[in-house]
Amino acid sequence: MRIALLGANGQLGHDLVPALQEHEVISLTRKELDVTDYAQTRELLLTMSPDCILNTTAYHRVDDCESRPNVAYEANAIAVLNLVRVANDLDGILVHVSTDYVFGGTARQPYTEDAVPFPLSVYANSKLAGEFLVRSICKKHFLIRTCGLYGIAGSQGKGGNFVETMIAKAKRGESIRVVSDQVVTPTYTMDLAHQIARILPLQHFGLYHMTNEGSCTWYDFASAIFQLSDIDADLAPTTSDVYKTPAIRPRYSVMENARLKQLGLNEMRHWRDALAAYLKEKAPFR
Ligand SMILES: NC(=O)c1ccc[n+]([C@@H]2O[C@H](COP(=O)([O-])OP(=O)(O)OC[C@H]3O[C@@H](n4cnc5c(N)ncnc54)[C@H](OP(=O)(O)O)[C@@H]3O)[C@@H](O)[C@H]2O)c1
């Protein structure tokens, strides 16, 4: 399969390249293709004629989206419509990545693909708008919701990742306060990349939840990072009411990989095992 990989120098994009080595991957960074430019996107992709467009691009500075809704909708919805139109014209597959933040957080058990979204922020609304465009217009699509990504390359959009931020703060001797009232599933981009590679050839199109297994609060996650790295950090829990942010986050956004499990395709390991693997794999680059 010939795959145009968009957002290739992002943290997920970085890990998709080795995961897709069986395929012909054309890696495109923002420099080569700005997805918000419809004319450029159309011309370049029609010339390359990929079988699959794999979109990992997004504007996901969640708090900045509150004051820049036009930028959020342009990147997370209108650009996605551009890709849908090109994918349909190519009769190709669109793989698009969305977020756990589409959920409102009142559930107490993991959200399946059948759960009704209730976005709480501009970012979440813009991503849900992108989802609707994919689901309603794109003939062949994989729409993938994931959560709490961290990877070797670090998030380009957010400037690093949570794991590395925690380790850097601890090494500087800072006192670290992390919310203990938001429950998530941190997900290693390497695992997500391999899971995407696993489903891609199967043509079971549609919506998928794809996260590592299990769940924890951000505070639990920080504790595990320090424990597995053998770092003695000054870490204490705080609450979302104390640590106020411009964008509201769901208090609970754990998702069940229900569709993958139904199809017997779930390869995602527990988040703690994934974190241990990441810390080992990242060590030579730190
Ligand atoms: N990070 C998370 O915790 C998280 C959680 C749930 C879902 N997601 C979703 O997962 C996907 C991948 O996230 P990630 O963490 O891998 O992000 P990332 O590291 O920030 O990578 C995104 C890439 O997209 C590129 N990009 C942004 N706007 C673009 C544009 N207009 N045209 C072309 N390229 C553009 C960025 O390029 P530049 O480097 O030039 O900006 C960056 O390389 C996104 O859809 C995100 O919404 C992320």
Side-chain angles (χ1 to χ4, degrees), residues 1-61 71-72 74-87 90 92-99 123 126-127 130 134 138 140-164 187-201 208 210 274 278 281-282 284-285:
M1 199 183 281
R2 179 185 295 170
I3 300 170
L5 173 61
L6 315 184
N9 63 352
Q11 56 183 349
L12 177 58
H14 176 269
D15 287 347
L16 278 162
V17 174
L20 295 169
Q21 61 187 355
E22 275 176 28
H23 302 276
E24 180 192 348
V25 177
I26 308 166
S27 291
L28 296 165
T29 66
R30 188 205 292 260
K31 259 192 210 151
E32 288 128 5
L33 189 159
D34 180 340
V35 292
T36 60
D37 180 338
Y38 180 55
Q40 187 206 18
T41 302
R42 186 176 177 78
E43 193 188 329
L44 198 67
L45 290 175
L46 289 184
T47 307
M48 289 172 173
S49 191
D51 306 297
C52 169
I53 300 169
L54 204 170
N55 180 36
T56 71
T57 72
Y59 181 68
H60 60 113
R61 286 180 178 272
V71 181
E74 201 181 355
N76 299 334
I78 297 166
V80 179
L81 177 61
N82 295 342
L83 297 175
V84 167
R85 291 167 69 184
V86 177
L90 286 167
I93 299 166
L94 176 65
V95 182
H96 178 65
V97 184
S98 190
T99 173
Y123 169 70
S126 69
K127 291 292 285 187
V134 172
C138 194
K140 299 178 190 171
H141 66 263
F142 291 102
L143 175 60
I144 293 163
R145 291 189 187 130
T146 190
C147 176
L149 293 185
Y150 61 92
I152 301 285
S155 169
Q156 300 304 306
K158 295 181 179 177
N161 71 42
F162 183 85
V163 183
E164 296 309 312
T187 298
Y188 184 17
T189 48
M190 189 67 85
D191 291 3
L192 176 59
H194 281 282
Q195 186 69 69
I196 292 173
R198 176 83 176 89
I199 62 157
L200 199 51
Y208 288 83
M210 281 190 198
Y278 165 82
E281 283 151 25
K282 176 74 179 176
F285 303 104

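Not a single donor-acceptor pair under 3.5 Å links the side chain of Thr36 to the backbone N or O of Ala75. Using modelled atom types, no side-chain atom of Ser98 and backbone atom of Ile144 make a donor-acceptor pair closer than 3.5 Å. Counting only distance, with no hydrogens or angles, the side chain of Gln11 and the backbone of Met190 share no donor-acceptor pair below 3.5 Å. Side-chain N or O atoms of Ser49 include none that pairs as donor or acceptor with a backbone N or O of Leu46 at under 3.5 Å. With hydrogens and angles disregarded, no donor-acceptor distance shorter than 3.5 Å links the side chain of Asn55 to the backbone of Leu94. Distance alone, capped at 3.5 Å, is enough to place a donor-acceptor pair between the Arg2 side chain and the Met48 backbone.
Not counting sequence neighbours, Arg30 has no partner by the salt bridge (charged side-chain N to carboxylate O under 4.0 Å, His left out) test. For Glu74, the side chain to side chain donor-acceptor pair (under 3.5 Å) test picks out no residue, with sequence neighbours left out. Considering only residues two or more places apart in sequence or on other chains, Asp191 meets the salt bridge (charged side-chain N to carboxylate O under 4.0 Å, His left out) condition with Arg269.
When all heavy atoms are compared, the tightest approach of Gly151 to Thr189 is CA-OG1, 3.1 Å. Taking every heavy atom of both residues into account, Val95 and Cys52 meet most closely at CG2-SG, 3.8 Å. Summarising the geometry of Pro201 relative to Ala197, their closest heavy-atom pair is CD-O, 3.3 Å, with the distance given to 0.1 Å. Of all heavy-atom pairs between Asp15 and Ile152, the closest is OD2-N, 4.4 Å. Counting all heavy atoms, side chain and backbone alike, Met210 lies closest to Ile199 at CE-CD1, 3.4 Å.
Residue Glu281 places its CD atom among more than 12 non-hydrogen atoms of other residues, nucleotides or ligands, all under 6.0 Å distant. Shown here is His14, whose NE2 atom has no more than 12 heavy atoms of other residues, nucleotides or ligands within 6.0 Å.
Ring pair Tyr150/Tyr188 is parallel by interplanar angle, where below 30° counts as parallel and above 60° as perpendicular.
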